[in-house]
Amino acid sequence: MSAADITFILICTGLVFIMTPGLAFFYGGLLRKKNIINMMAMCFVSIALVSIIWFFISYSLAFAPDIGGGFIGGFDFIGLFGVGRDSYGVYSSDMPHLLYMVFQLMFAIITVAIIASPFSERVNFSAFIIFISIWLIFVYSPIAHWVWGDGGWLGMLGALDFAGGTVVHINVGFAALAIAMVIGPRKGYQKEVMEPSNIPYVLLGMGLLWLGWFGFNGGSALGANDIAVLALFNTHIGACAGGIVWMVIEYNNTKKYSTLGIASGALAGLVAVTPAAGFVEPIWALIIGGVSGAICLFVLTLRTRSKIDETLDAISIHGTGGIWGAIATGLFASVGSSGLLLGNLVQLLIQIIGVLATIGYSFGVTYAIAWIMNQTIGFRVPIEIEYAGLDMSQHGEKA
Amino acid sequence: MSAADITFILICTGLVFIMTPGLAFFYGGLLRKKNIINMMAMCFVSIALVSIIWFFISYSLAFAPDIGGGFIGGFDFIGLFGVGRDSYGVYSSDMPHLLYMVFQLMFAIITVAIIASPFSERVNFSAFIIFISIWLIFVYSPIAHWVWGDGGWLGMLGALDFAGGTVVHINVGFAALAIAMVIGPRKGYQKEVMEPSNIPYVLLGMGLLWLGWFGFNGGSALGANDIAVLALFNTHIGACAGGIVWMVIEYNNTKKYSTLGIASGALAGLVAVTPAAGFVEPIWALIIGGVSGAICLFVLTLRTRSKIDETLDAISIHGTGGIWGAIATGLFASVGSSGLLLGNLVQLLIQIIGVLATIGYSFGVTYAIAWIMNQTIGFRVPIEIEYAGLDMSQHGEKA
Amino acid sequence: MSAADITFILICTGLVFIMTPGLAFFYGGLLRKKNIINMMAMCFVSIALVSIIWFFISYSLAFAPDIGGGFIGGFDFIGLFGVGRDSYGVYSSDMPHLLYMVFQLMFAIITVAIIASPFSERVNFSAFIIFISIWLIFVYSPIAHWVWGDGGWLGMLGALDFAGGTVVHINVGFAALAIAMVIGPRKGYQKEVMEPSNIPYVLLGMGLLWLGWFGFNGGSALGANDIAVLALFNTHIGACAGGIVWMVIEYNNTKKYSTLGIASGALAGLVAVTPAAGFVEPIWALIIGGVSGAICLFVLTLRTRSKIDETLDAISIHGTGGIWGAIATGLFASVGSSGLLLGNLVQLLIQIIGVLATIGYSFGVTYAIAWIMNQTIGFRVPIEIEYAGLDMSQHGEKA
Amino acid sequence: MKKIECFIRPEKLELVKEGLFEKGIKGMSIYEVRGHGNQRGILLSSRAGQYCVEWIDKLKMELVVSNKVDINDIINTIISKAQTGKPGDGKIFILPVEESIRIRTKERGEDIL
Amino acid sequence: MKKIECFIRPEKLELVKEGLFEKGIKGMSIYEVRGHGNQRGILLSSRAGQYCVEWIDKLKMELVVSNKVDINDIINTIISKAQTGKPGDGKIFILPVEESIRIRTKERGEDIL
Amino acid sequence: MKKIECFIRPEKLELVKEGLFEKGIKGMSIYEVRGHGNQRGILLSSRAGQYCVEWIDKLKMELVVSNKVDINDIINTIISKAQTGKPGDGKIFILPVEESIRIRTKERGEDIL
Ligand SMILES: Nc1ncnc2c1ncn2[C@@H]1O[C@H](COP(=O)(O)OP(=O)(O)O)[C@@H](O)[C@H]1O
Ligand SMILES: Nc1ncnc2c1ncn2[C@@H]1O[C@H](COP(=O)(O)OP(=O)(O)O)[C@@H](O)[C@H]1O
Ligand SMILES: Nc1ncnc2c1ncn2[C@@H]1O[C@H](COP(=O)(O)OP(=O)(O)O)[C@@H](O)[C@H]1O
């Protein structure tokens, strides 16, 4: 075991943790004032609930030795049985297994919190709680297993995903799309003005997300080494490029420097650089981030014109940026791996398989879960409550 | 000396530092808008003032070699004399003495800031400043010495307190109770509505406190090792369990998912797990946190029905959670120590002695200091000012 | 290479990063509500833009081997050519060159963001973007080279600047003064009330700045060692002393405990201790910080009575505190160096040369750039827009 | 000229506005107010249990209309859009206005409305 | 019917409200306003020294009362609760109201108040 | 006595206030309102493109003046200070006031204004 690596991953765990409170502010500020608490509550309850389910079952399903042909982990780590202070060489011999587990937990939390996007401003809080519990077990855990689990099929195939482009971003993006399609748009969507109520909150959230992402991508090197450094810098420069590109395109259209545009572009850059962070040289990270800013803005514009009210655009940013990032990794990988640029077409194909498999599974299974829940329990609050805002009715609180 | 341990404790020092600004937002958001700045000022002035007193006298009283039968440290480290860049083997040979000192300082700061609770919305700022200076010297320093100081009697007795359950939480809880009893309730208490004015601030504060607690408990291992990992995960899972339990109980009563409830429960969990963090297996941390959510909510409910306006419930959360945590450590300790569950009844008795001694000293001495100050200088602002809010009168500022 | 040092500097990079979002809140809260987004946008765009220019050119100008008699670096590192995962012994053999580069980048970002001060509430956003791009290349890069660059003349001369007193603070302070002089005061300056609109934001910003400063100064030791510890503690105690001194002086004048005063004093302390952090014993850090609180308040008072609307007082705090800190380093240095107190008058003279050279270059060149831009593109928005606020006109957003 | 002051539920604003537009009224102003009346207070959550807020957020809409307009028609429009039938729907008050002036043009009288 | 508009100190709100309740008045609305009058401005702290805010936060309470109510009694109640005797206590204005309507029931007239 | 209600652009507040001071008027109150009228909505940026906010921030200034004051003079002062000539400059309304009382002293009538 290495004290330096333990230090590094411990701190990175903290950094990834703070992303979820950051997301609460990022997302909350984008909604109308009457629903801000509801969004923050969704993020904070995700922290608590995901952790407990992870403890008892999800970590095992994702990271215990495979039992289903690369599809799902077994029950060896149920209740964290055997996950202790010793290292577990399969994942890292430099740190206690417990540390690897809690670092991974933070990824699961933020992923589940991002999924709050399509639930914004219209959904019963009980239904949200039930949904995310099921989703964590049946969607997140298997996909995490495929890519990072011991014996997961995508990992075995050689798919490159440095810090969770498929597991986190593509997954959550398409899950969000499926949910949005099932539960339908907010009342008044595309008719009434639904203004972002607190842009400083969005920027506070962005600051914390950006900081946290250093832990997210840097920590994914699982050690304090040159790859961690590369990943951190790539993360940063990708975010910068994404922010500038989005801002410039928006400026061309509107002659305004939208601050939300800078923040959204930086987020798009961060997402796209995630799978590539430790595999590419910085110049490619810059390009990946910049291109992501353009693509995500394009998809977001299409989305906002469509009937699909995937309110906070997990699909347009996480979904789209995640796909582009996964493919870009297949194109530009050169550090400890090789992509198309180094003549390795196979890698690109593997990446595409990873993307398609994730989209298919995530969208399909999420749609099914959401559809069944919608038919049975039902997601939507009554229309008067939707108009009056969820903060008062669901939480008895006012922002 | 170990560079990895130095890194770890340096960063943990930063994490514990950020808890106090976090507390400023957590506490500030719970008060009425006209007093929010006053609360934040109490927290920020605590940072500055405690540091300076610590420099000149308190660190010595707490951590210099014992001179009073285990009760108080001597004057060896007055003005940080001899506390330098070399390590001091009594506390840790892995890091400079200066680092140990500043890490401990951050604990003193947050403790003093928590004590702002019973001063909320009614107290002259000058009186607050004087009070905390005295309290740091006469209450915090001795109790820190008992538990952690070189030759402190509770430490010698074998009391287990991983990261400050007695020194920080029980101590501050009962001190807050004593103060609340001396200075009396706010005008209009239990008659007028005293609504929390900014729940997003509470959640921002909670996010920072939670993050900081990783440094608080993790750093208390004083090294980047498996115990630090254990402490960090226990901290996290205890908070999660506390948050869920409180939320569920509240939901049963009110059919609302109170976001303040999630935050308060998580805080209760964090408090209770503090003394146990490095001594128990995760499953016990989860149980300690969950039970703490229930107990603290119960005590808080009693408190709010009582005549005692301990406004932000340091007693109900820090006091109560701290007692339960100290006892639970005596019950469930099994890592590097053994509690009742491993047949060690003595440990439980020692824990109870620790709890009682801390309560007695903290409550008694704080009551005496507060009583004398109240008779002489006086704490309360005139009633018109109390109604108009302290921000304008004490600070000339508006939130 | 050392994993512990890599960990430390990676985390410090994150800490310095978060200072800029912190500054967005610190500065934003001091302005009127109609301009808060504009200020935050200036800070966030600085992050993105500086990073990209740094990548392509500025890092090379500052840190590539000297080509101009100690005045400027060459083009060896253009596009980060050759700045990779290996260490570069000239700056540190303990970590990848890439890490040293990104750590330095964060310093450049915060410096450029501080310069938003004189642009507050009156400037076209396009002009700001153009200005900072030029300034980074022609002012920041050379001065960074002088002090820290390989072959820089001030560094060769033996000037002591632990973490950027001259490069960051004096530089930005006098640049801000020059800009303020060129673009002139806001309409209504000294006639209308221009109240700080959000003091909690200022305090949130202060909390993040303070935390980040641990990375700023601590990380400047470039390793997790006793000097890093010393620097961190000196940073903290200097801030505390500055905060208390400013608060007490203000209290004597106004009988109010201004929270902005505590925050500003702490900032003054942090600035002054920056060049000295790793060179002086803690007691001197405390004195440097405290004296800085007094001097900066004095200069700020003069400034607010003058016709110069250097709105957020980069000159009074960063400029003044930076000069005092640089000189104080020459007086009190004793760790790994020696100042006047140890009889080394030469050091003091060198410090004074460093101060004067920085002031001269920074003020002169910045004035020239600003003057030319003002004559050509023009900085000011039309007067109606200035009255209506920049958030709507420049960004299409409302806080 | 008359001034119509109406206190409505915040969530009804857009509906009322649309209704007035259809009647050709477009000059109006909105205030955020807190009101007290027949509606029972709202229960909010504190850290332990609930507390009752007696002051309830309402919007007040104010429109000055010309005597040429059928005021009962306006009132009926507002009522039809703002009504839920539960306590708290609010009230409408009619006040006399003696003069009105458009700042932009200095014009006076009913026609500027 | 009359409309009573009174500007009061924010900290007096609850007292005035209680006083009105005792008189049987419960329909009222509150606005947050900033006012100017005889009261000198308030000194606030900036980073250096103080500045004077001329606009002072006040609450405006508005209640429409029926002619059946003794309006002087209401005025006296408000005064007795809101008075401190120092400049800034505020003013009460009485305006005529021509009609009032309850949105919930479409009822009109004095009796809905 | 008359009540002058005027809706103005927020950035004109200080100018109007100064103008009124010069005329010897110092009692006044300010409300933050959102208004609708001839002014076209404002375009704001969202994450993608722009959206139009129809409700525009305005200030409403309210001043009750004594009959001894030349009301046209006051109106002209306000207009001269608040006018930009572009839609959205706002309107002034004059309402009758029946009585006014100073809370501090219980004095009544025109002289307290
Ligand atoms: N007499 C009144 N004067 C001023 N405002 C009133 C009056 N009566 C009602 N209001 C306003 O109308 C709102 C709704 O009134 P309420 O009595 O609760 O409903 P309802 O008219 O349906 O019985 C109140 O919250 C208050 O803002
Ligand atoms: N003529 C007026 N028109 C409108 N509002 C007024 C008028 N006079 C006073 N006010 C309101 O009443 C508040 C208190 O008035 P002020 O003159 O300061 O106190 P006092 O009535 O005790 O002399 C002011 O802040 C303002 O909001
Ligand atoms: N009839 C009205 N009743 C109430 N408020 C009005 C009325 N007409 C205008 N206003 C207020 O005045 C503001 C400016 O009016 P607008 O019609 O846009 O400008 P202009 O008077 O220059 O044509 C509006 O935003 C609204 O707040």
Side-chain angles (χ1 to χ4, degrees), chain A residues 2-9 11-12 15 94 195-200 203-204 206-208 210-212 214-215 218 223-230 232-233 236-237 239-245 247 250-251 254-263 265-266 269 281-283 286 290 335, chain C residues 1-11 13-15 17-18 20-22 24-25 28-29 36-38 40-41 43-45 47-52 55 79-80 83-87 95-96 98-99 101-102 105-106 125-126 129 198 201 204 208 224 391-399:
Chain A
S2 146
D5 291 347
I6 291 176
T7 301
F8 184 56
I9 303 302
I11 306 302
C12 286
L15 292 177
D94 285 344
E195 76 293 344
S197 62
N198 199 320
I199 291 175
L203 295 177
L204 172 60
M206 190 61 219
L208 294 177
W210 195 320
L211 174 67
F214 292 165
N225 49 39
D226 57 336
I227 298 299
V229 170
L230 179 70
L232 182 140
F233 179 64
H236 177 73
I237 203 74
C240 294
I244 294 285
V245 166
M247 182 185 81
E250 283 262 66
Y251 181 77
T254 66
K255 301 299 160 209
K256 310 265 166 173
Y257 294 97
S258 157
T259 316
L260 289 182
I262 303 176
E281 295 293 347
I283 185 71
L286 190 151
V335 179
Chain C
M1 294 220 262
S2 145
D5 291 347
I6 292 176
T7 301
F8 184 58
I9 303 302
L10 276 173
I11 305 302
T13 300
L15 292 176
F17 168 79
I18 202 67
T20 304
F25 280 78
I36 226 172
I37 302 265
N38 179 248
M40 293 185 169
C43 292
F44 275 83
V45 91
I47 297 176
L49 200 59
V50 169
S51 300
I52 292 186
F55 187 105
L80 299 189
V83 179
R85 282 173 291 131
D86 295 330
S87 68
M95 67 190 74
L98 209 53
L99 179 54
M101 182 279 299
V102 63
L105 163 58
M106 297 301 166
F125 200 71
S126 302
I129 287 181
N198 200 320
Y201 281 3
L204 172 60
L208 294 178
D391 290 0
M392 300 278 258
S393 65
Q394 305 296 300
H395 308 284
E397 294 170 327
K398 282 172 60 181

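To find a chain, count down the sequence lines: A is the first, B the second, and so on, and within it residues start at 1. Note that these values count all heavy atoms, side chains included, but never hydrogens, waters or copies made by symmetry.
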Check each atom of [X] against the heavy atoms of chain A and say whether the ones under 4.5 Å are side chain, backbone, both or neither.
X	answer
C:I9	neither
C:I11	side chain
C:F8	neither
C:L80	side chain
C:F17	side chain
C:M101	side chain

Kindly give the heavy-atom pair with the smallest separation between [X] and [Y], and that separation in Å.
X	Y	result
C:I36	A:P200	CG2-CG, 4.3 Å
C:M392	A:K256	O-NZ, 3.4 Å
A:V229	C:I6	CG2-CG2, 3.8 Å
C:A3	A:A4	CB-CB, 3.5 Å

* Asked: Heavy atoms, side chains only, cut-off 4.5 Å: are C:F44 and A:L203 in contact?
  ->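 Result yes, sub-4.5 Å side-chain heavy-atom pair found.
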* Can you check whether A:I199 reaches C:M40 side chain to side chain, under 4.5 Å on heavy atoms? ->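 When only atoms from C-beta onward are counted, C:M40 and A:I199 do not touch, as no gap falls below 4.5 Å.
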* To do: Quick one: sort the A:F233 and C:F55 rings into parallel, tilted or perpendicular, breaks at 30° and 60°.
  =>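 The rings of A:F233 and C:F55 lie parallel, inter-plane angle below 30°.
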* Test A:H236 against C:M106 for side-chain contact (heavy atoms from CB on, under 4.5 Å), laying out the working first. => CA-CA 10 Å; A:H236 177 73; C:M106 297 301 166; 3.8 Å; yes
* **Residue of the set A:I227, A:N225, A:D226 for which side-chain contact (heavy atoms from CB on, under 4.5 Å) holds with C:P96** =>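 Going through A:I227, A:N225, A:D226 one by one, the side-chain contact (heavy atoms from CB on, under 4.5 Å) with C:P96 is satisfied by A:D226 alone.
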